Amino acid sequence: MLLHVDGVHKRYGRRVALAGVSLTVAPGETVALMGPSGCGKSTLLRCINRLTRWDAGEIYFDSAPVGAMGPDEVRRLRRQIGFVFQHFHLIERLTVLDNVLLGLVLGGVPKEEALERARAALARVHLAGEERLYPAQLSGGQRQRVAIARALALEPRLMLLDEPTAALDPILVGEVLDVMEELARTRSTGMLVVTHEVRFAMRVADRVVLMDAGTVVDEGPPEEVFRRCRSRIAQSYARLLVS
Ligand SMILES: Nc1ncnc2c1ncn2[C@@H]1O[C@H](COP(=O)(O)OP(=O)(O)O)[C@@H](O)[C@H]1O
Ligand SMILES: [Mg+2]
């Protein structure tokens, strides 16, 4: 298993954010993580690459316990996990190409190879022609695709995407979903995508994991989860499918 989250608990003061969450992602698998706002999705993603510590349970990446990792191991872990946020965090004074190059160069990849990998990543998100532009010259959809390319260029084994289309104009959502769908089809990286795009989840995810109030309430192949509607959350998403 590429990722195995095993009974993770996390509280902020008296507020319980995660109440024993377990899930897995296999190599190349795409899992859609869904659930109402505040149910703990972002907290879980932040635990997976050790941006946040948790209180009990364990997270295994490639069978290695993430909680026990020292600083060097955490750096190595983060090189294998691409993170894409709702807000793109591009560097405004750098071109599109340099935004993608930066992580590679900082990671010690030789210049020639870095250029090749950055250009290949930009091509995968259909931005090959825009590499000399600055973020301010791009649409929101293009900016998010640059952020995806930046993560991809590092050739991660797992991509964590936290509501990557939530901050976009509705007309720009499609181009980002299309890029994620193409990525998922190649199976070159495992993907754990937090999203409310239920049609996208139906079409692209190998599995959906539904969370509510800090726990996993349902999981399985999307068509099964949204058909049997075992949980309140599945019911609300299934209603979106017929509307
Ligand atoms: N840094 C924090 N400090 C205190 N409470 C937090 C913090 N981050 C998240 N929470 C709380 O933890 C719960 C889960 O939040 P979050 O993981 O952001 O949910 P989601 O991403 O599903 O909307 C919420 O009740 C939220 O208010
Ligand atoms: Mg969130």
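Predicted model, so just to flag it, every value in this text is computed and none were measured. Count residues from 1 along the sequence. All values below come from the heavy atoms of this structure, side chains included, with hydrogens, waters and symmetry mates left out. Both counts, for ligands and for their atoms, begin at 1 and track the order of listing.
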- Give a yes/no on ligand 1: does Arg46 have at least one heavy atom closer than 4.0 angstrom to it? yes
- Side-chain heavy atoms of Val125 within contact of Val146, under 4.5 Å: no
- the Mg ion (ligand 2): protein N, O or S atoms that are less than 2.8 Å away, sorted by chain: Ser42 OG
- Is a salt bridge present between Glu130 and Arg143, judged by a nitrogen-to-oxygen distance below 4.0 Å? no
- Message: I'd like to check which ligand 1 atoms, numbered from 1 as shown, lie under 4.0 Å from a non-hydrogen atom of Ser37.
- Response: 23 (O)
- Task: Please report which non-hydrogen protein atom sits nearest to atom 19 (O) of ligand 1, along with the residue it belongs to and the distance in Å to one decimal place.
- Result: Gly40 N, 3.2 Å
- Side chain proximity check, Leu23 to Val31, heavy atoms < 4.5 angstrom: no
- Pick, from Cys47, Gly38, Ser42, the option with the minimum heavy-atom distance to atom 13 (C) of ligand 1. Gly38
- Message: So, regarding Val16 and ligand 1 (criterion: nitrogen or oxygen to nitrogen or oxygen, under 3.5 Å), is there a contact or not?
- Response: no
- Item | atom 6 (C) of ligand 1: nearest protein contact (heavy atom, Å) | Tyr12 CD1, 3.2 Å
- Task: If you have a sec, work out which protein heavy atom is nearest atom 17 (O) of ligand 1 and how many Å separate them, to one decimal?
- Result: Thr43 OG1, 2.5 Å
- Task: Measure the acute angle between the ring planes of His89 and Phe85, then classify it against the limits of 30° and 60° as parallel, tilted or perpendicular.
- Result: perpendicular
- Task: Pick out which of Asp178, Leu138, Val176 makes a side chain to side chain contact (heavy atoms under 4.5 Å, CB included) with Arg145.
- Result: Val176
- Message: Can you tell me how far apart CZ (Phe61) and CD1 (Ile81) are? Round to the nearest 0.5 Å.
- Response: 4.5 Å
- Side-chain contact test, heavy atoms from C-beta onward, threshold under 4.5 Å: evaluate it for Tyr12 versus Thr43 and give yes or no. yes
- Note on the structure: So CZ of Arg75 and CE of Met69: to nearest 0.5 Å the spacing works out to 13.0 Å
- Message: Between Arg124 and Glu182, does any side-chain N to carboxylate O distance fall below 4.0 Å?
- Response: no
- Message: My understanding is that only one of Arg232, Lys41, Arg230 makes a salt bridge (Lys or Arg N to Asp or Glu O under 4.0 Å) with Asp212; could you say which?
- Response: Arg232
- Task: Identify, for atom 12 (O) of ligand 1, the protein heavy atom at the shortest distance, and state residue, atom and that distance.
- Result: Ala17 CB, 3.5 Å
- Task: List the closest protein heavy-atom neighbour of atom 11 (C) of ligand 1: residue, atom name, distance to the nearest 0.1 Å.
- Result: Arg15 CD, 3.7 Å
